[in-house]
Chemist: 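First, the structure itself, so that you have it in front of you.
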Amino acid sequence: PGGDAGLAVVAEVGSQDWRYDPDPGFLNGEIWGQTAVAGDGERDRYALTSELRMPVLDKLTVNLSGRYDRFSTDDRNMSKATYSLGLEFRPLDNLLFRGKYGTAFKAPTLSDLYQGLSGYYSFVTDYYQCSLAGYGPDNIDNCPNQYQNRQFFGQVSGNPDLDPINADVWSVGAVWSPFDRSSISVDYLSWDIEDEVTSQSPDALTLQEYRCRTG
């Protein structure tokens, strides 16, 4: 009753390939004090998505969308379905209220999955040694500098068993157009993210070591 509905359907097919080959000297120790990252991986990707926009009434429009993604490698398949529901209510010609709820996900990158060992040097607080000197996390600033800035050699690498990042998403907002070719909008957005791919914090590891070794 509110007007013509609109429908879009899209299919996607693609492939991804990631390779990085540094000078061997960075990997076998011939170049002192330096490391590099190496790795390779590939995958195929398929996706099907659709969106439906329905003007239910003159002042109310409903938006529905859904998507299915699949990532395939030689030894693993990863797939996910997501959806979104949105409402638009326009009580006046120059005033719009809108809201949306949906799900989202992001597959790990190829480097997240297949990156080989990569080294780096940095500094970290040695909470355990500070505790032996009489300084805990609550007064760590008074710990001797030799323990506050301990240099370490760290390594990071990809993980082929990583799961996708997932999120529940919702938003509400309003748009007001007091004059032609001008508008004011206010929106509130919420993202509840789970299974986020990230590197472990060296500071958190040394803090955990302190907690374990001191009971």
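The residues of the chain are indexed from 1 along the displayed sequence.
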Chemist: Give the ring-plane orientation class for Tyr188 versus Trp170, where under 30° counts as parallel, over 60° as perpendicular and anything between as tilted.
Modeler: tilted

Chemist: From Cys212 SG over to Leu207 CG, what is the distance, rounded to the nearest 0.5 angstrom?
Modeler: 9.5 Å

Chemist: Does Asn139 CG have over 12 foreign heavy atoms under 6.0 Å away?
Modeler: yes

Chemist: Is the shortest side-chain heavy-atom distance between Asn166 and Lys80 below 4.5 Å?
Modeler: yes

Chemist: For residues Pro108 and Leu162, report the shortest heavy-atom separation together with the two atoms involved.
Modeler: CG-CB, 3.9 Å

Chemist: Quick one: does Glu51's side chain have a donor or acceptor within less than 3.5 Å of a partner on Asn63's backbone?
Modeler: no

Chemist: Please report the closest heavy-atom contact between Arg43 and Phe71, naming both atoms and the distance.
Modeler: NE-CD2, 3.6 Å

Chemist: Would you sort out whether Asn159 and Asp112 count as a side chain to side chain contact (heavy atoms under 4.5 Å, CB included), showing the intermediate values?
Modeler: CA-CA 6 Å; Asn159 181 355; Asp112 288 337; over 6 Å; no

Chemist: For the atom pair CZ (Arg70) and CG (Asp44), what is the distance rounded to the nearest 0.5 Å?
Modeler: 10.5 Å

Chemist: If hydrophobic clusters are built by linking Ile, Leu, Val, Met, Phe, Trp and Tyr wherever their side-chain heavy atoms come under 4.5 Å apart, do Val124 and Ile140 end up in the same one?
Modeler: no

Chemist: Is any side-chain heavy atom of Tyr120 closer than 4.5 Å to a side-chain heavy atom of Phe152?
Modeler: yes

Chemist: May I ask you to decide if Thr73's main-chain N or O and Asp75's side chain share a donor-acceptor pair within less than 3.5 Å?
Modeler: no

Chemist: Within the side chain of Thr103, is there an N or O that forms a donor-acceptor pair under 3.5 Å with the backbone of Tyr83?
Modeler: yes

Chemist: Is there a side-chain contact between Tyr114 and Asp40 in this structure, where contact means two heavy atoms from C-beta onward sitting under 4.5 Å apart?
Modeler: no

Chemist: Are Leu85 and Val56 connected in the hydrophobic side-chain network, where two residues link if heavy atoms are under 4.5 Å apart?
Modeler: yes

Chemist: Once rounded to the nearest 0.5 Å, what's the spacing between atom CD of Glu194 and atom CG of Asp163?
Modeler: 11.5 Å

Chemist: Heavy atoms only: give me the nearest Val169-Ala104 pair and the separation to one decimal.
Modeler: CG2-CB, 4.2 Å

Chemist: Any side-chain heavy atom of Tyr101 sitting closer than 4.5 Å to one from Asp168?
Modeler: yes

Chemist: Check for me, please, whether Leu48 and Leu7 land in the same ILVMFWY cluster - side-chain distances under 4.5 Å, paths through other members count.
Modeler: yes

Chemist: Compare every heavy atom of Pro137 with every heavy atom of Tyr127, then report the nearest pair and how far apart it is.
Modeler: CD2-CG, 4.4 Å

Chemist: Are Leu57 and Leu52 connected in the hydrophobic side-chain network, where two residues link if heavy atoms are under 4.5 Å apart?
Modeler: yes

Chemist: Would Leu92 end up clustered with Trp176 when hydrophobic side chains under 4.5 Å apart are linked, directly or stepwise?
Modeler: yes

Chemist: May I ask you to check whether over 12 heavy atoms, not counting those of Gln151, lie within 6.0 Å of atom CD?
Modeler: yes

Chemist: What residue among Arg98, Lys59, Lys100, Arg53 forms salt bridge (Lys or Arg N to Asp or Glu O under 4.0 Å) with Glu88?
Modeler: Arg53

Chemist: Compare all side-chain heavy atoms of Ile184 with those of Val175 and state whether any distance is below 4.5 angstrom.
Modeler: no

Chemist: Between Pro164 and Ala107, what is the shortest heavy-atom contact and its length?
Modeler: CB-CA, 4.2 Å

Chemist: Give a yes or no on whether the backbone of Pro160 and the side-chain of Arg76 come within a donor-acceptor separation of less than 3.5 Å.
Modeler: yes

Chemist: Tell me, do Asp69 and Phe105 make a side-chain contact under 4.5 Å, heavy atoms counted?
Modeler: yes

Chemist: State whether the number of non-hydrogen atoms from other residues, nucleotides or ligands found under 6.0 Å of Tyr68 atom OH is greater than 12.
Modeler: yes

Chemist: Any side-chain heavy-atom pair from Pro144 and Tyr135 closer than 4.5 angstrom?
Modeler: yes

Chemist: Are Asn77 and Ser72 close enough that a side-chain donor and a side-chain acceptor fall under 3.5 Å?
Modeler: yes

Chemist: Would you check if the side chain of Thr206 reaches a backbone N or O of Thr125 as a donor-acceptor pair within less than 3.5 Å?
Modeler: yes

Chemist: How long is the span from the OH atom in Tyr210 to the CG atom in Leu132, to the nearest 0.5 Å?
Modeler: 10.0 Å

Chemist: With no hydrogens and no angle check, is any side-chain donor or acceptor of Gln148 less than 3.5 Å from a backbone partner on Asp141?
Modeler: yes

Chemist: Indicate the atoms forming the closest heavy-atom contact of Ile165 with Asp195, along with that distance.
Modeler: CG1-O, 3.5 Å

Chemist: Please say whether more than 12 non-hydrogen atoms of neighbouring residues, nucleotides or ligands are located less than 6.0 Å from CZ in Phe179.
Modeler: no

Chemist: Would the distance check show the side chain of Thr49 and the main-chain N or O of Gly66 forming a donor-acceptor pair, the cut-off being under 3.5 Å?
Modeler: yes

Chemist: Decide, yes or no, whether a salt bridge links Arg19 with Asp17 under the criterion of side-chain N to carboxylate O below 4.0 Å.
Modeler: yes

Chemist: Kindly compute the distance separating CD (Gln146) from SG (Cys130), expressed to the nearest 0.5 Å.
Modeler: 9.0 Å

